[in-house]
Amino acid sequence: MSFTTLIQSATIESLKELYGKEFTEKEFQVNETKPEFTGDYTIVLFSLLKPLKESPENLGKKLGDLLLNKHSDFFSEYNIIKGFLNLSISDDILANLLRENYNDACFGKKPLNQTRVMVEYSSPNTNKPLHLGHLRNIFIGWSISEILKANGNEVYKSSIVNDRGIHICKSMIAWQEFANGATPESTHTKGDHFVGDYYVKFNDEYKKEIKELVGDGKPEKEAEKEAPVMKKTQQMLLDWENGKPEVMELWKKMNGWVYKGFDETYKRLGTDFDQTFYESQTYILGKEFVKKGLEDGSFYKKEDGSVWIDLTAAGLDEKLLLRGDGTSVYITQDIGLVKQKFEEYHLDESIYVIGDEQIYHMNVLKEICRKLGMPFADKIYHLSYGMVELTTGKMKSREGTVVDADDLIDEMVDTSKKHTEELGKVKDFTEKELKELYETLGLGAMKFYLLRVDPKKRMIFNPEESIDFHGFTGPFIQYTYARIKSILRKVEEAMNNEQLTINNGKQSEMLLPLERQLIISLEKYSNVITQAAEEHNPSVVANYVFHLAKMFNSFYTEHSVANAESEEKKIIRLQISIMTATIIKSAMQLLGIAVPERM
RNA sequence: GGCCCCGUAGCUCAGUGGAUAGAGCAACAGCCUUCUAAGCUGUGGGUCACACGUUCGAAUCGUGUCGGGGUCACCA
């Protein structure tokens, strides 16, 4: 049980004893005490005054006395300022907590419960490589999966690949027309970039043709429709739907190139999936669903044959589910997949990591499920995240202002190399160790930069800020970890064969303020995981681990571990150091970030 | 226009009912013969967009206004 929970229940119990009234945790607040006051935790008394008909002074005194009396082992003292009852936790309790948990790699994590959750993320199109926006998506998806696991859930990571549609055909047509049989191998290009280049080529050609047609006096709208390259593309989409062998073959070949490229990037990012869905398969599921909905009257058909659902009663609009020609639209496949997911995996929650421009779309999906009487409609959670914008404005693929994922990773890794070489601390590293370190630092910086902001908020990607390795950054935390490991190595070395009995007896010296603060922060880790899981918000973990690292660095400069004032202090500080390192590693792992032993 | 999200220091962000609103970056001033200075300490910097309301107490809750964004496609 966490300190906060303990204090809450002790308070409830004491209030009952004093006044004969039952309160719940929600009726009063237990906060951390602000640094300018004495104490560790604060009970805010104001909300209790009216129901108890007491003055703050009396209530504080009575409650403080009783708490101290009944839990003399736990609390050491209290003070009352205005309506705030500040409580101090005894050194013994803190020292105990340390002794029992300092070496527990699972500290703060919950045991597995029966909750099954699927997290769908990344979900790329197969016509162009991944970009900065995908990175935010992937990092959030991975991190929330790890956080939910740490909170005791059984998690399945999935991705839906958007592998069919007009955009894919565009790349295919351009390749047919302009590639002369070139392949990623023959041009030494990463597969997803290779295919993406033909997507760009298509648009260039398309624009050129439109310009020509307009020059010949055609209205722009007509020109857009009649451009030969577009007509060919539309024909290809039809051929694809009809399963024309040459088209299918080309489609498989080009998607194969893209997947190979994606896999490389995923591997470098350290991300993976338990299940990959393909839209080319799921859209059929959706079509069957629409058929059923038509039969039971949930949907209706217009004269042109298109199928609709009326969601105006729920405050939404009429929504198209199937085109007049019977082909499916975006939402069609989602309806099919949602059912499959819940039935195959027996999910308690299905999380979709998708950009916030699709909030409306996801509301429609939920409402459709509700209307069809699907029991899982309310178990759909849209983890929406804001767009990543550049300092110069939005990313637009048409204007070439997209930040490519692979380029960005290279740049971050290069930067970490440059920084490290400038500092000159790693002269004894092998080639292999150096390479690994640069990846760890570069990716760490990038992941932390994108995860430290609340997903819901849109964020601005500032290239200079993102490669900063000081302050509120991944490398700052990695550095703190490496520093602790360095202390531990030194201490071990110095002791040689001497055995330091780290689990020795009682704490007799007073804990210093920084020591207390650190232990209390360490204790909070479990609550942090709970909060991050409940809010589906990795930035909670990022903020916590930064504050922890910051605090440790202050402690580090103030107090020596290896040359502590006494053997007892040395042991306490070693325990604090080990536990801080353990929790930094654990928390960073929840963010998908590795920590180096040395840097 | 309807609906949704956002507005906190020069910049990027925490804080979502409690005490004198906090970090990082940037600026300035200090700290390496002592466990890694990718660090630490300090200074300056705020009408929490605005107004009214609820409350013992509001950056936080409600209503309205202004500003920014998203969405309302037989696009995905």
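Proteins get letters first, then strands, A, B, ... in listed order; numbering begins at 1 in each.
The phosphate of B:C13 has neither OP1 nor OP2 within less than 4.0 Å of any side-chain N or O from A:S539. Note on A:K550: a side-chain N or O is less than 4.0 Å away from OP1 or OP2 of B:C40. Taking side-chain N and O atoms only, A:H470 has a distance below 4.0 Å to OP1 or OP2 of B:G39. At the phosphate of B:C35, neither OP1 nor OP2 sits under 4.0 Å from any side-chain N or O atom of A:R573. Proximity of A:R323 to the phosphate of B:A76: a side-chain N or O atom is located under 4.0 Å from OP1 or OP2. Using a 4.0 Å cut-off, some side-chain N or O of A:K50 falls inside it from OP1 or OP2 of B:C56. Between A:K34 and B:A19, a side-chain N or O to OP1/OP2 separation shorter than 4.0 Å is present. A close approach under 4.0 Å does not occur between any side-chain nitrogen or oxygen of A:K485 and OP1 or OP2 of B:U36.
Nearest nucleotide to the side chain of A:K490, out of B:G39, B:C35, B:G18: B:C35.
Taking syn as a glycosidic angle within 90° of 0, B:C32 qualifies as syn.
Taking a centre distance below 5.5 Å and an interplanar angle below 30 degrees as the stacking criterion, A:F46 stacks against the six-membered base ring of B:G18. Remark: ring of A:Y479 not stacked against base of B:G39; the cut-offs of centroid gap under 5.5 Å and plane tilt under 30° are not jointly satisfied.
Taken together, the paired segments of RNA chain B that extend over three or more consecutive Watson-Crick or G-U pairs, each closer than 3.5 Å at both contacts, are B:1-7 with B:66-72, B:10-13 with B:22-25, B:27-31 with B:39-43, B:49-53 with B:61-65.
Counting distance only, with no hydrogens placed and no angle test, the side-chain atoms of A:D334 and the base atoms of B:A76 include no donor-acceptor pair under 3.5 Å.
Of the N and O atoms on the side chains of A:D334 and A:H361, at least one donor lies less than 3.5 Å from an acceptor on the other residue.
At least one donor-acceptor pair closer than 3.5 Å links the side chain of A:S143 to the backbone N or O of A:L590.
Salt-bridge formation is detected for the pair A:R164/A:E241: a Lys NZ or Arg NE/NH1/NH2 atom is positioned less than 4.0 Å from an Asp or Glu carboxylate oxygen.
Nearest-nucleotide positions on RNA chain B for A:S306 and A:S47 put A:S47 closer to the 5' end.
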Please step through ring-ring contact (aromatic ring centres under 6.0 Å, His included) for the pair A:F448 and A:F472, ending with a clear verdict.
CA-CA 9 Å; A:F448 196 86; A:F472 190 21; 5.4 Å; yes
